[in-house]
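In this text, all values refer to a predicted model and were calculated from it rather than measured experimentally.
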Amino acid sequence: ASPQQQHTMSGQGYTMQQPAGTNKKRASLEGKHRGATGEVQTEVFAKWVSMYLQGRDPKAEDILPSEINDCFRSGIVLTDLLHAVGSKKPGKVKKECKMKIHEINNLNIVFNSLAKEGVKVVNIGPEDIWDGNPKIILGLLWTIIYHFQILNGANFGEFDPKALGARVALLKWIQSRIPEMNVTNLGGDWRDGRCLSALVNCIASDFKMPEQIANPMDLPKDKAIGNLDNAMEIAANTLGIGRLLTPEQVADDGLDEKAMITYLSLYAVAKKPKKSKTVGKKAGWGSTAARKKKEKAAGKTSIADPVVFFEAPAVSAGPPVAPEPTAEEKEAEMLGNVNDLFDAMDVDSNGRLKKLEVIEFLREFKPLGTTTANIYTILGLDKLSEIDRPTFVKAFTEGKLDINNFDLRGLRRRAQQNRDAALAAAAKAAADEEKENAAEERRALRRKEEAAVAAIAFREAEERRAAEEADADRLRQERRAKEAAELAAKEEEDAKQAAATARARQEAAQQREEEEAARKAAAQQKAADDAARQKEAADKAATVKAAEMALKQKAAADRAAKEKAASDQQEADKAAKVKAAQDKAAADLALKQQRAADDKAAADQRLAADKAAKDQAAADNAAAEQAAAAAAASAAAAAAASSASSLPPPLERAADWRVYQGVDLGGRCRIKVFFSTTTSSQKIRGDTEKLKTLLEKHNYHKRPDFEQFIPVDIEMEKSFRDKMFAKAGTRITPMLFVDDEYIGGWEEVAELDEAGQFERIMEY
């Protein structure tokens with residue numbers, strides 16, 4: 001067993017054993033209760049116990065809230081409390097308890113007494129009280145308050161708490177006593193002190209006393225603490241009702257209802273107090289003598305003489321006479337002997353009896369008037385391997401076994417031996433435990449040192465790893481920076497190259513455009529030169545020949561011009577490639593004629609005058625050939641015009657209505673315009689719009705054989721696009737195809753339109 005200390009309550013003649021460290025436990029429990037609802041209930045119940053104990057013995061010490069979990073351990077304070085509250089069968093307990101079993105035995109007596117009084121104690125046992133379970137102890141105290149003060153002590157008139165319950169009965173009783181206050185609860189209605197003041201006046205009038213508090217209904221609500229303090233002080237000094245609560249607790253929103261019921265029910269218990277000339281205690285905490293001493297030190301006078309709620313029992317004079325033991329005392333003595341017998345049999349002091357322990361004991365201490373087998377049967381050891389203390393005690397209390405059949409002196413000696421052995425074993429176990437704890441401390445210290453060394457090594461490793469990672473990160477960052485710089489330089493170089501490529505492409509396109517313009521200008525100039533040379537040749541021929549020849553040459557020239565115009569019209573109606581070929585053929589023919597004329601003229605100049613006739617004949621032959629060619633061309637043009645005028649509309653013609661050259665782009669007997677939607681060239685986009693405007697101007701876009709503008713960069717296969725570019729001889733859009741022949745771009749079409757030839761081409 002652990003070391004114990006004795007706590008003596010003066011003036012009561014009993015001691016209460018408490019384990020070492022109780023003060024720490026109490027402080028801990030006080031801390032847990034601080035600020036909680038249970039704190040108020042604990043304080044009120046502690047004051048209530050002190051009030052009744054001091055009513056029985058004015059010299060009894062106060063029970064503090066921090067002591068309430070330990071002061072009932074021995075059962076002595078509970079027995080005195082039952083005496084004080086009016087129990088008829090409180091029982092008799094041992095005043096000196098040296099072991100736990102004695103305290104448990106006293107608590108068993110208390111619980112048996114409560115059972116005899118008809119007090120129902122549910123789920124509470126002696127072990128719970130001895131262990132100091134705060135909730136269990138408060139529950140037991142509430143059970144005692146409810147039974148002895150509310151059910152059997154308070155006078156609620158016609159309101160029976162057994163039928164209505166404590167709360168409802170108390171509330172209805174208060175409503176009947178102070179109906180003018182319109183009380184509806186036991187909480188909020190009492191916070192301003194007016195209802196309590198009215199109740200004090202009501203009880204004072206029951207005691208034939210004058211009104212103690214004037215006009216309770218007119219008290220200011222904003223002075224609730226003062227109103228409550230005044231009413232409680234008057235109730236304590238005048239009516240003998242203890243101050244179980246403080247004004248601040250009553251005014252608090254979270255006031256515990258059981259605490260409030262405990263306090264207010266005192267008004268239904270109160271009896272007219274008597275003046276006492278003896279130094280006693282006021283109901284509640286704090287002695288009157290101490291209060292007067294404090295008031296005298298402060299220069300004040302006492303408000304009233306001390307009053308007591310319970311009168312101390314009278315003490316008779318003369319020598320004490322030993323009273324005859326009562327049945328309860330005999331029962332208590334019997335229970336003590338039975339527990340001593342149990343301790344004598346319980347060799348290992350574990351609170352349970354084994355078969356072997358009972359057999360060994362009965363061999364040494366044979367009982368009288370019964371047999372060992374009978375004892376086995378009664379205790380149930382014929383079926384069980386061991387039994388507990390309550391089962392053992394029950395066999396004696398029910399009369400199945402008689403304690404007087406056992407040698408009490410021998411069993412007490414044996415019980416003491418078992419206790420000593422248990423103490424020795426406990427001391428040895430404590431020593432072993434202390435040694436083990438010391439060894440464990442040494443092991444823990446060694447582990448701590450090892451952990452410290454490991455921690456240092458780990459920290460150094462982590463620092464090295466962190467340094468290595470930092471170096472690696474630095475190298476990675478440098479490498480990434482270098483790569484980023486190289487990438488930026490490469491991107492810059494690529495951008496420059498792209499810009500140069502774009503400029504080159506633009507310059508090439510511009511150069512191609514310029515070359516194309518130059519080519520066109522050269523062709524035009526060549527045509528003009530050819531016409532000039534032809535005219536010059538005609539002029540020369542006119543000087544040599546007669547006027548008739550001049551007229552013939554002039555007529556031939558006119559016919560040639562007409563034939564050439566007809567030929568140009570025919571070529572404009574055909575595909576661009578046929579037109580180019582015809583133009584080239586005409587140009588070659590004209591060039592051949594011009595060259596022949598030039599050669600002839602040069603020959604004429606070199607030859608002598610005698611060859612003039614021969615040269616004139618050659619010129620005549622050339623002129624005749626030219627006239628024949630022009631006549632043939634004129635006839636062909638006339639035939640073509642006659643044939644075109646007799647053809648059906650383009651969409652109704654056969655696919656082979658004429659001879660086609662080059663690849664088939666699917667545009668036979670149709671007008672198609674190809675353009676780009678993604679080009680970035682403003683010129684190309686502008687040319688596309690101009691071509692569209694020109695076609696709409698002549699209403700070509702409304703013809704059945706006209707197809708909508710076709711994008712070359714959306715849903716067009718590359719192979720088809722390459723064929724189209726190859727046939728056109730260029731990649732610059734827009735491109736106009738008529739009857740599957742390339743006519744040209746905007747500039748070519750504009751020139752044809754300006755020359756009046758575009759309309760003939762579109763009338764293919």
Side-chain angles (χ1 to χ4, degrees), residues 40 44 47 51 154-159 169-253 255 257 259-276 280-286 288 291-292 294-296 298-309:
V40 177
V44 170
K47 289 181 180 181
M51 180 183 70
N155 180 16
F156 292 137
E158 59 181 317
F159 307 107
L170 175 61
L171 184 58
K172 288 185 174 295
W173 176 75
I174 291 173
Q175 291 171 344
S176 67
R177 300 308 309 271
I178 50 173
E180 70 279 3
M181 302 307 296
N182 193 25
V183 179
T184 61
N185 55 64
L186 299 178
D189 290 347
W190 301 83
R191 291 175 193 155
D192 57 12
R194 299 191 303 167
C195 293
L196 188 61
S197 300
L199 187 60
V200 169
N201 284 346
C202 180
I203 302 302
S205 66
D206 292 344
F207 297 161
K208 309 299 183 185
M209 295 180 180
E211 184 179 46
Q212 302 296 311
I213 303 172
N215 302 322
M217 295 186 67
D218 297 335
L219 294 176
K221 293 183 178 181
D222 57 347
K223 296 183 179 180
I225 301 299
N227 298 339
L228 289 168
D229 184 68
N230 182 54
M232 289 181 174
E233 186 68 19
I234 293 174
N237 293 333
T238 306
L239 306 178
I241 297 175
R243 296 187 62 158
L244 302 185
L245 288 165
T246 65
E248 290 77 12
Q249 290 170 345
V250 177
D252 189 3
D253 294 343
L255 176 62
E257 188 175 75
M260 191 64 173
I261 292 174
T262 302
Y263 175 66
L264 292 179
S265 62
L266 290 177
Y267 287 84
V269 178
K271 297 180 181 179
K272 186 174 183 179
K274 297 179 181 179
K275 295 288 183 70
S276 175
K281 287 191 175 182
K282 214 171 38 170
W285 284 354
T288 303
R291 177 176 56 80
K292 284 190 173 182
K294 292 179 182 179
E295 290 173 348
K296 184 176 181 181
K300 299 179 181 180
T301 58
S302 178
I303 297 175
D305 291 334
V307 295
V308 293
F309 184 35

> Which heavy atom of L266 sits nearest a heavy atom of G242, and at what distance?
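L266 and G242 have their closest heavy atoms at CD1-O, 4.2 Å.
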> Counting C-beta onward and ignoring hydrogens, is there a side-chain heavy-atom pair between I174 and L186 closer than 4.5 Å?
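Yes; the side chains approach each other to less than 4.5 Å.
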> For the residue pair L219 and G193, what are the closest heavy atoms and their distance?
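So the two residues come closest at CD1-O, 4.4 Å.
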> With sequence neighbours left out, what residues match D206 under salt bridge (charged side-chain N to carboxylate O under 4.0 Å, His left out)?
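For D206, the residues satisfying salt bridge (charged side-chain N to carboxylate O under 4.0 Å, His left out) (neighbours in sequence not counted) are R177.
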> As an exercise, state the distance from OG of S265 to CZ of F156, rounded to the nearest 0.5 Å.
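So the gap between those two atoms works out to 6.0 Å.
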> In chain order, what residues pass the side-chain contact (heavy atoms from CB on, under 4.5 Å) check against E180, with sequence neighbours excluded?
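Here the qualifying residues are I178, A198, M217.
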> Do P247 and Q249 come within less than 4.5 Å of each other through their side chains, counting heavy atoms only?
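No, too far: nothing below the 4.5 Å cut-off.
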> Applying salt bridge (charged side-chain N to carboxylate O under 4.0 Å, His left out), which residue pairs with at least one partner in residues 220-230 are found, sequence neighbours left out?
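Output for this query lists D229-R243.
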> Report yes if the side chains of P216 and E211 come closer than 4.5 Å at any heavy-atom pair, otherwise no.
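Of all side-chain heavy-atom pairs linking E211 with P216, at least one is under 4.5 Å.
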> Could you walk me through whether L239 and M209 pass the side chain to side chain contact (heavy atoms under 4.5 Å, CB included) check?
CA-CA 10 Å; L239 306 178; M209 295 180 180; 4.0 Å; yes
> What are the two closest heavy atoms between I225 and E248, and how far apart are they?
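Here I225 and E248 meet closest at CG2-OE2, 3.6 Å.
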> I need the minimum non-hydrogen distance between S176 and F159, along with the two atoms involved.
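Nearest pair, atom of S176 first, then F159: OG-CE1, 3.7 Å.
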> How close do V200 and A231 get, heavy atom to heavy atom, and via which atoms?
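Here V200 and A231 meet closest at CG2-O, 3.7 Å.
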> Going by the rule ring-ring contact (aromatic ring centres under 6.0 Å, His included), which residues pair with Y267 if we only count those two or more places apart in sequence or in a different chain?
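So Y267 forms a ring-ring contact (aromatic ring centres under 6.0 Å, His included) with Y263.
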> Can you sort out the partners of E257 under salt bridge (charged side-chain N to carboxylate O under 4.0 Å, His left out), two or more places apart, ordered by chain and number?
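Only R167 meet the salt bridge (charged side-chain N to carboxylate O under 4.0 Å, His left out) criterion with E257.
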> When rounded to the nearest 0.5 angstrom, what distance separates CD1 in I234 from OG1 in T238?
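If I round to the nearest 0.5 Å, the distance is 6.0 Å.
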> Going by the rule side-chain contact (heavy atoms from CB on, under 4.5 Å), which residues pair with N215 if we only count those two or more places apart in sequence or in a different chain?
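Residues passing side-chain contact (heavy atoms from CB on, under 4.5 Å) with N215: D218.
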> Nearest 0.5 Å, please: how far is CH2 in W190 from CG in L245?
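Nearest 0.5 Å value for the CG-CH2 distance: 12.0 Å.
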> Considering residues at least two apart in sequence or located in another chain, which fulfil the side-chain contact (heavy atoms from CB on, under 4.5 Å) criterion with K208?
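If we apply the side-chain contact (heavy atoms from CB on, under 4.5 Å) test to K208, skipping adjacent residues, there are no hits.
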> Quick one: side chain to side chain donor-acceptor pair (under 3.5 Å) partners of N230, sequence neighbours excluded?
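Not a single residue meets the side chain to side chain donor-acceptor pair (under 3.5 Å) criterion with N230.
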> How many angstroms lie between atom CZ of R194 and atom CD1 of I213, to the nearest 0.5 angstrom?
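If I round to the nearest 0.5 Å, the distance is 13.0 Å.
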> Out of curiosity, T246 OG1 to L228 CG, how far, rounded to the nearest 0.5 Å?
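That separation rounds to 9.0 Å.
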> Drop me the distance from M51's CE to L244's CG, to the nearest 0.5 angstrom.
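Reported to 0.5 Å precision, the distance equals 5.5 Å.
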> Does the side chain of L196 come within less than 4.5 Å of N227's, by heavy atoms?
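Contact flag for N227/L196 side chains = no.
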> Distance-only, no hydrogens or angles: does the N201 side chain make a donor-acceptor pair with backbone N or O of Q212 under 3.5 Å?
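Side chain of N201 to backbone of Q212: a pair is present.
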> I'd like to check the side chain to side chain donor-acceptor pair (under 3.5 Å) partners of D253; sequence neighbours left out, ordered by chain and number.
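For D253, the residues satisfying side chain to side chain donor-acceptor pair (under 3.5 Å) (neighbours in sequence not counted) are R191.
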> Suppose we screen for side-chain contact (heavy atoms from CB on, under 4.5 Å). Which residues come up paired with S205, at least two apart in sequence or across chains?
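For S205, no residue satisfies side-chain contact (heavy atoms from CB on, under 4.5 Å) once neighbours in sequence are set aside.
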